[in-house]
Amino acid sequence: MTITDEDCLAETLAFNEQFEATAASRPTREQTPDATVLARLRRNRLGGHTPPVRLAHGQDRVVAGGVRVRAFVPDHVDGVYLHIHGGGWAFGSAGGQDEKLWQLAVQARLAVVSVDYRLAPEHPFPAGPDDCEAAARWLVDHAAAEFGTQRLLIGGESAGAHLSVVTLLRLRDRHGITGAFRAAHLLFGPYDLSMTPSQRSFGSKQLLSNTDSLRGSYELFTPGMGAEQRRDPQVSPLFADLAGMPPARIVVGTEDPLLDDSLFLAQRWQAAGAPVQLGVVAGAMHGFTLFPLTVTEREQRREREFLATVGR
């Protein structure tokens, strides 16, 4: 395992300490939130207390199966990135990070299509995966006509990384589609919803995610399931046969309870025959790219470079 950004470790750890110190003033994300808390978390930017900025560049559309997406199309398009947002399958939206997605679209020359998948607890598993699968199939069928390219990429953050892998597996297993998506970009995802050792041992440290908040997210997304049921490969892709997956870039921080998930997935992905770039960011907590850090700037640059060049 190669750890990056150790020269930024002091800044990153200082931010973590500050984040913990202000934990009492943040809305709780542990266990099942009531309707008021849920509405506030969905209204505000992930990781923050203010509504996200919405840009005129974003185009809200409805595609196959009634799935809503938000598209960002720059003047020059060399590929299409199917983006799946994070938020524990219960928060976040396709319109929650317009500034980042528009910057990615312009600088990587990509049409970015972000999926507004249905959220738990109103719509638990498999509703979210169903929507992501439908959006992916729509792109396979229509990207050339809509965007002038068949170079498809997929990825997301946290729950969005999980849904990205689930989507690739569904395309392969349900529709016999492999190779349509030429790469996956997976940021700090949960790939074992029965909980890897790092998830179980992280404890109650008040960073963006911890053992209790993860457990609460899994209960919202897969209500009534026990650990053994959550090991089903359709729920936890770490247990799936990963043959036929595209090249991937997998990123996680050393202070993330999901550290093992990325390490284990990278090992299994590579063993199944696909190349993997694994990035482990020194001192970074779960969701670190939401915050104004040096490691965030670096990671976003590495993401853009990967997505701009892979699969050509």
Inset, instruction - Not counting sequence neighbours, which residues clear ring-ring contact (aromatic ring centres under 6.0 Å, His included) with Trp89? List them please. - result: His162, Tyr218, Phe221

Legend entry - Note, Ile250 side chain near Val276 side chain (heavy atom, < 4.5 Å): yes

Inset, instruction - Verify, without hydrogens or angle tests, whether Ser262 (side chain) and Leu259 (backbone) share a donor-acceptor contact under 3.5 angstrom. - result: no

Inset, instruction - State the NE2-OG distance between His286 and Ser213, to the nearest 0.5 angstrom. - result: 8.0 Å

Legend entry - Straight-line distance of Leu41 CG to Thr36 OG1, nearest 0.5 Å: 11.0 Å

Legend entry - Salt-bridge contact Arg61-Glu146 (side-chain N to carboxylate O under 4.0 Å): yes

Legend entry - Asn44 side chain vs His49 backbone, donor-acceptor pair below 3.5 Å: yes

Legend entry - Min side-chain heavy-atom separation Val251-Thr289 under 4.5 Å: no

Inset, instruction - Without swapping roles, check the side chain of Glu11 against the backbone of Thr294 for a donor-acceptor pair under 3.5 Å. - result: yes

Inset, instruction - Please name all residues satisfying side-chain hydrogen bond (donor to acceptor under 3.5 Å, both in side chains) with Arg182, sequence neighbours left out, ordered by chain then number. - result: none

Legend entry - Leu139 with Val166, same ILVMFWY side-chain cluster at under 4.5 Å: no

Legend entry - Side-chain hydrophobic cluster, 4.5 Å single linkage: members besides Val112: Val53, Leu55, Phe72, Tyr81, Leu101, Trp102, Leu104, Val106, Leu110, Leu153, Phe306, Leu307, Val310

Inset, instruction - Would you mind reporting whether Arg137 and Arg170 have side-chain heavy atoms less than 4.5 Å apart? - result: no

Legend entry - Partner set under ring-ring contact (aromatic ring centres under 6.0 Å, His included) for Phe288, not counting sequence neighbours: Phe188

Legend entry - Any side-chain heavy-atom pair of Glu255 and Thr12 under 4.5 Å: no

Inset, instruction - Identify, with sequence neighbours excluded, every residue that meets side-chain contact (heavy atoms from CB on, under 4.5 Å) alongside Leu9. - result: Leu13, Ala282

Inset, instruction - Check whether any side-chain N or O of Gln229 sits under 3.5 Å from a backbone N or O of Gly226 as a donor-acceptor pair, and report yes or no. - result: yes

Legend entry - Taking every non-hydrogen atom, the tightest pair across Leu220 and Ala90: CD1-CB, 4.0 Å

Side chains of residues 234-248: which donor-acceptor pairs under 3.5 Å do they make with residues two or more places apart or in other chains?
residue	atom	partner	partner atom	Å
Ser236	OG	Leu193	N	2.8
Ser236	OG	Arg230	O	2.4
Asp241	OD1	Ala243	N	2.9

Legend entry - Salt bridge present between Asp131 and Arg68 (N-O < 4.0 angstrom): no

Inset, instruction - Could you tell me whether the side chain of Met285 reaches within less than 4.5 Å of the side chain of Lys205, counting heavy atoms only? - result: no

Legend entry - Main-chain N/O of Gln199 paired with Thr211 side-chain donor or acceptor, under 3.5 Å: yes

Inset, instruction - Sequence neighbours left out, what passes side-chain contact (heavy atoms from CB on, under 4.5 Å) with Arg301? Give chain and number order. - result: Arg298, Arg304, Glu305

Legend entry - Non-hydrogen side-chain atoms of Asp60 and Arg70 separated by less than 4.5 Å: yes

Legend entry - Donor-acceptor contact below 3.5 Å, side chain Ser198 vs main chain Pro257: yes

Inset, instruction - Give the C-alpha distance, both sets of side-chain angles, the deciding distance and a yes or no for salt bridge (Lys or Arg N to Asp or Glu O under 4.0 Å) between Arg45 and Glu99. - result: CA-CA 12 Å; Arg45 183 181 64 85; Glu99 292 168 306; over 6 Å; no

Inset, instruction - Can you sort out the partners of Gln97 under side-chain hydrogen bond (donor to acceptor under 3.5 Å, both in side chains), two or more places apart, ordered by chain and number? - result: Glu157

Legend entry - Interatomic distance, Met195 atom CE to Asp261 atom CG [nearest 0.5 angstrom]: 9.0 Å

Inset, instruction - State which residues pass side-chain contact (heavy atoms from CB on, under 4.5 Å) with Leu119; sequence neighbours excluded, sorted by chain then number. - result: Arg42, His85, Tyr117

Inset, instruction - Would you please name every residue forming a ring-ring contact (aromatic ring centres under 6.0 Å, His included) with Phe147, sequence neighbours left out? - result: none

Legend entry - pair Leu278-Gln270: side-chain heavy atoms closer than 4.5 Å: no

Inset, instruction - Ignoring hydrogens and angles, tell me if any N or O in the side chain of Ser201 forms a donor-acceptor pair with the backbone of Pro197 under 3.5 Å. - result: yes

Legend entry - Listed partners of Thr254 passing side-chain contact (heavy atoms from CB on, under 4.5 Å), at least two apart: Ile3, Val280

Legend entry - Under 3.5 Å: donor-acceptor pair, side chain of Asn16, backbone of Leu207: no

Inset, instruction - State, yes or no, whether a side-chain contact exists between Leu258 and Tyr191 at a heavy-atom distance under 4.5 Å. - result: no

Inset, instruction - Output all residues satisfying side-chain hydrogen bond (donor to acceptor under 3.5 Å, both in side chains) with Ser164, sequence neighbours left out; order by chain, then residue number. - result: none

